[in-house]
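Structure, as structure tokens:
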Amino acid sequence: MPQETRPPGGSNRRTFLARSLGTGGTLVGATVVGGGAAPVEAAPTAPVETTRVTLNVNGRTHTVELDIRASLLEAVRDGLGLTGSKKGCNQGACGACTVLVDGERQLSCITLAARYEGRRVTTVEGLARGGRLHPVQAAFIERDGFQCGFCTSGQVVSAVGLLAEEPEVADEDIPELMSGNLCRCAAYQNMHQAIQDARGRS
């Protein structure tokens, strides 16, 4: 086996690395940069620009002051305290944030709240009427259409929107039409049965 060659001064590669790292240096390519550099100052934070938005949520009108970049989800959760709609992926991929806008399903995490001034927004908290659960909510309970419950509000709201779009939706079409709502517990079968039960009762 060939012996490890030693550079002048009696150090080898292993001891060179150990000494470099032991003294707080950082190796960048073949250059050792000492650990005593001055800290980099953070860039100054730009002031937050806000706007006043009037939203009709669950039949009530609310005027809130929001960051102009605030999503509809942030407006209902943080601005109005309606925490039923969940922030899951925050990318519009999981459906946990689903609300109804003028009766149609909408992913609230990827849409600006300011765009929905004057529109009719319904969250899961607004589905019950007169103390009675919406038929879809009741069916989800009867069919045990949830496990951890995190996605349930989005699933329920999406199911309500689906039945408004297609009141006579065929059983075999439900999985595809609900595919935008993910359930990490995989309780899909019970949820689809609940939607079948609620069909015609909504």
dist Thr111:OG1 -> Leu73:CG (nearest 0.5 Å) comes out at 11.0 Å
Note to self: Under a 3.5 Å distance rule, please check whether Glu117 uses its side chain to pair with a backbone N or O of Thr54 as donor and acceptor.
What the structure shows: yes
The reported gap from CG in Leu162 to CE in Met178 (rounded to nearest 0.5 angstrom) is 6.5 Å
I'd like to know if the side chain of Tyr188 reaches the main chain of Cys183, judged simply by a donor and an acceptor atom lying under 3.5 Å from each other, with no hydrogens or angles considered. yes
Flag for Ser108-Ser85: side-chain donor and acceptor within less than 3.5 Å: no
task = Would you please say whether a donor-acceptor pair under 3.5 Å links the side chains of Asn58 and Thr123?
result = yes
- Check for a donor-acceptor pair, side chain of Arg119 on one end and backbone N or O of Asp102 on the other, with a separation under 3.5 Å. no
Notebook entry, point to check: How far apart are the C-alpha atoms of Val101 and Leu72, what are their side-chain angles, what is the distance that settles it, and do they pass the side chain to side chain contact (heavy atoms under 4.5 Å, CB included) test?
Noted result: CA-CA 10 Å; Val101 177; Leu72 183 57; 4.2 Å; yes
Run the salt-bridge test on Arg69 and Glu74 with the 4.0 Å N-O cut-off and return the result as yes or no.
no
Derivation of the side chain to side chain contact (heavy atoms under 4.5 Å, CB included) call for Ser153 and Lys86
CA-CA 8 Å; Ser153 58; Lys86 299 295 189 281; 4.1 Å; yes
Taking the side chain as everything from C-beta on, heavy atoms only, tell me whether Thr51 gets closer than 4.5 Å to Glu65. no
Whether the side chain of Gln137 engages the backbone of Val156 through a donor-acceptor N/O pair (distance < 3.5 Å, no angle test) should be reported. no
In short, side chain to side chain donor-acceptor pair (under 3.5 Å) pairs touching residues 155-170 with sequence neighbours left out are Arg105-Ser158, Arg105-Glu165, Ser158-Asn181
Test item: Asn190 side-chain N/O and Arg143 main-chain N/O as donor-acceptor pair under 3.5 Å = yes
Do Thr98 side-chain atoms and Val157 backbone N/O form a donor-acceptor pair below 3.5 Å?
-> no
| task | Go through the steps for Leu100 and Gln106 under the test side chain to side chain contact (heavy atoms under 4.5 Å, CB included), then give the verdict. | result | CA-CA 6 Å; Leu100 301 178; Gln106 177 68 55; over 6 Å; no
Are any side-chain N or O atoms of Arg60 and backbone N or O atoms of Asn56, one a donor and one an acceptor, separated by less than 3.5 Å?
no
